[in-house]
Trainee: 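This is the structure I have questions about; it appears just below.
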2 protein chains.
Amino acid sequence: MPPRQSSDISRGKVAVTDVYASMRASILEGEIAPGTRINIDAVARSLGVSQTPVREVLQRLEGDNLVVYSPGRGYSTTPLLGLPELRSLFEFRLLVEPWAARAAAVDRLANPAAALERELASFRDTMKADKDLRQDLVAHDTRFHDTILAASGNPVVRHAFAQTHCHLHTFRLYPADVDGAITVAEHSAVREAIEACDPEQAEAAMTMHIRNSFDRFAQAFAGELAPLEDTGAPRKRIIK
Amino acid sequence: MPPRQSSDISRGKVAVTDVYASMRASILEGEIAPGTRINIDAVARSLGVSQTPVREVLQRLEGDNLVVYSPGRGYSTTPLLGLPELRSLFEFRLLVEPWAARAAAVDRLANPAAALERELASFRDTMKADKDLRQDLVAHDTRFHDTILAASGNPVVRHAFAQTHCHLHTFRLYPADVDGAITVAEHSAVREAIEACDPEQAEAAMTMHIRNSFDRFAQAFAGELAPLEDTGAPRKRIIK
DNA sequence: TTATTGAAATTCATATAGGAAATCACCCCC
DNA sequence: GGGGGTGATTTCCTATATGAATTTCAATAA
């Protein structure tokens, strides 16, 4: 089940589609502070729809781990990922993605090398036009990894990976722009190994890519969040 | 996110909780044939609630892969798992569960051996009272595997595994009773390796358990579905 | 100044109703 | 006899309203 079939957009549930896009963007862009409670009435009125589609969207966003539901309190936005959560996420990626890269590096029609090359070429073009890369980089990264997962031939693994919404959450963490060149280089290495039908190399390249990616995020953590820990009021006493 | 926190039951969304349990049971028991369209009106009236909570429940069931939504047609029950889907599911389990068993076999407080022993003892008691084991076996299996996943210390992996709802779907496939003794024996082997803090052995035992489990299911497939293939009209010509 | 209690107001969860789209049957036409 | 079009019915999707629970704010007492 890839995030959402575009079939939802075609017909039926028109309001839900719009509201979903709007609310997801609001959360990802940080317009709603992490941990804030969401007023269904206010959202419904501000978007010019009734409460019903808003409730349905909140249900869906709960599946994306962008909001949480508390039984008497309604919905709140989830706090940003901490370093432990980020580590858990990338440990999971290390479990499934190198396996998928290995599975995709076969001499069959399922080999996704051509699709990956198209994706990379398309993104290289986008990079030249120096618009805000952030959105495009995340979109490219999402498609690149999903293509490999799809080529693994295991829809359960692909779905489980998609459900983590790792790109969604990392994007939410770091709206700051990052260097797309490094990512492209690592992606290229993965693609070449897959094209060469070299499972060992594909697995290794993917493993390296994920480890490096995590390291980059972790460094950003150290740089950005260390000062925050200082500002936090030190807990004087645990008891009483 | 384990299936559903009991916090939902405490307060708030009373109707939703009841409707969810009722509809899930109906689908799992096969009272609604796989692939059938679900009439929201009819369900709401038969359960004595309005359409609103029914719609919310259907959203949730879609997340469980028990129903699918088609844009103009509403919701239908998903077809039963085929052998390829079952294989994909167990391949995924082979990716994460042996890893989790290895991670759980450590000399720390996180070691789940005691909890596993309690779970096994409890189920052995249940087995003596020869009620319908089906429900209880699935419940035990769910708890046993989730305990190990939880002890792995990686909530992302645990959540991804829980989201597959593998026990839900396998139960739906085979309402026929199976022998619980084999399962208990294999579970015990896993538990002992974890208690002994032997990662290699724990990983091996879990791998063996999953492979055996799949083989048992696959055999049931061969026995049940082979005649069905015979009845299917053989495709004489592909073209025209 | 702080903690507590009460009531008012907000907000959630569900029920009910109405407009729109799709399905199905029937009929007409080829 | 077969295929396409039209109307009625069903069903879905959204809107509005109501009861219940919780939160908040203010006032009072310690």
Trainee: Could you tell me the separation between the CG atom of N39(B) and the P atom of dT9(D), rounded to a whole number of Å?
Mentor: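 That distance rounds to 17 Å.
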
Trainee: Does the side chain of L116(B) come within less than 4.5 Å of I148(B)'s, by heavy atoms?
Mentor: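 Side-chain contact under 4.5 Å: yes.
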
Trainee: Please say whether the positively charged group of R158(B), taken as NZ for Lys or CZ for Arg, lies over the ring of F161(B), i.e. under 6.0 angstrom from the six-membered ring centre and within 45 degrees of the axis.
Mentor: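 No - R158(B) does not lie over the ring of F161(B) by the 6.0 Å and 45° rule.
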
Trainee: Does the side chain of T78(A) come under 3.5 Å of the side chain of R172(A) through a donor N or O and an acceptor N or O?
Mentor: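 Indeed, the side chains of T78(A) and R172(A) share at least one donor-acceptor pair under 3.5 Å.
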
Trainee: Just how far, in rounded Å, is P of dT14(C) from CD of Q59(A)?
Mentor: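 Checked: the CD to P distance equals 11 Å.
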
Trainee: In whole angstroms, how far is the P atom of dC13(D) from the CG atom of L58(B)?
Mentor: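 One finds 10 Å between P of dC13(D) and CG of L58(B), rounded.
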
Trainee: Taking only the side-chain heavy atoms of R55(B) (C-beta and beyond), determine which of dA15(C), dC12(C), dC13(D) contains the nearest atom.
Mentor: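 The nucleotide sitting nearest to the side chain is dC13(D).
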
Trainee: Taking the minimum atom-to-atom distance to the side chain of S50(A), which one of dC12(C), dA15(D), dA13(C) wins?
Mentor: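 Of dC12(C), dA15(D), dA13(C), dA15(D) is nearest to the side chain of S50(A).
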
Trainee: Does T126(B) use its side chain to pair, donor to acceptor, with the backbone of S122(B) at less than 3.5 Å?
Mentor: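 It does hold such a pair.
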
Trainee: Could you state the CD1-P distance from I40(B) to dT14(D), rounded to the nearest angstrom?
Mentor: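 So the CD1-P distance, I40(B) to dT14(D), works out to 11 Å.
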
Trainee: Given dA15(D), dT14(C), dC13(D), identify the nucleotide with an atom nearest to the side chain of P53(A).
Mentor: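 Side chain of P53(A) sits closest to dA15(D).
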
Trainee: Rounded to whole Å, please give me the gap between CG in D18(A) and P in dC13(D).
Mentor: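 From D18(A) CG to dC13(D) P: 15 Å.
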
Trainee: Through what angle, rounded to 10 degrees, does the axis of the helix from dT1(C)-dA30(D) to dC30(C)-dG1(D) turn between its ends, using five pairs per end?
Mentor: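 The end axes of the helix from dT1(C)-dA30(D) to dC30(C)-dG1(D) are about 20° apart, to the nearest 10°.
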
Trainee: Does the cation-pi check pass for K13(B) over Y20(B), that is, NZ or CZ under 6.0 Å from the six-membered ring centre and within 45° of its axis?
Mentor: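 Pair K13(B)/Y20(B) does not count as cation-pi.
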
Trainee: Return the set of residues passing side chain to side chain donor-acceptor pair (under 3.5 Å) with R216(A) (not counting sequence neighbours), or none when no residue passes.
Mentor: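 Listed in chain order: E186(A).
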
Trainee: OP1 or OP2 of dA13(C) versus the side-chain N and O atoms of Y69(A): is any pair under 4.0 Å?
Mentor: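 Looking at the OP1 and OP2 atoms of dA13(C), one of them is under 4.0 Å from a side-chain N or O of Y69(A).
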
Trainee: Taking atom C1' of dT10(C) as reference, at what distance in whole Å does atom CZ of R45(A) sit?
Mentor: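 In whole Å, dT10(C) C1' lies 11 Å from R45(A) CZ.
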
Trainee: Please check this pair: side chain of S22(A) against backbone of V19(A), looking for a donor-acceptor N/O pair closer than 3.5 Å.
Mentor: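 No, the answer is negative, given that no donor and acceptor are paired below the 3.5 Å cut-off.
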
Trainee: Whole angstroms only, please: what is the CZ-C1' distance between R60(A) and dC13(D)?
Mentor: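 Between C1' of dC13(D) and CZ of R60(A): 13 Å.
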
Trainee: Under a 4.0 Å N-O cut-off, is there an ion pair linking R134(B) with E29(B)?
Mentor: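 A salt bridge is present here (some side-chain N lies under 4.0 Å from a carboxylate O).
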
Trainee: Is the backbone of T36(B) close enough, under 3.5 Å, to the side chain of T77(B) for a donor and an acceptor to pair up by distance?
Mentor: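 Checking the backbone N and O of T36(B) against the side chain of T77(B), a donor-acceptor pair under 3.5 Å is found.
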
Trainee: Please report, rounded to the nearest Å, how far the C1' atom of dA15(D) is from the CD atom of Q51(B).
Mentor: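 From Q51(B) CD to dA15(D) C1': 13 Å.
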
Trainee: Which is true for I38(A) with a 4.0 Å heavy-atom rule: it touches a base, it touches only sugar-phosphate, or it touches nothing?
Mentor: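 Sugar-phosphate, no base atom in range.
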
Trainee: Restricting to nitrogen or oxygen on both sides, can you table the protein-nucleotides 23-25 of chain C pairs closer than 3.5 Å?
Mentor:
| residue | atom | partner | partner atom | Å |
| --- | --- | --- | --- | --- |
| dT23(C) | OP1 | R73(B) | NE | 3.3 |

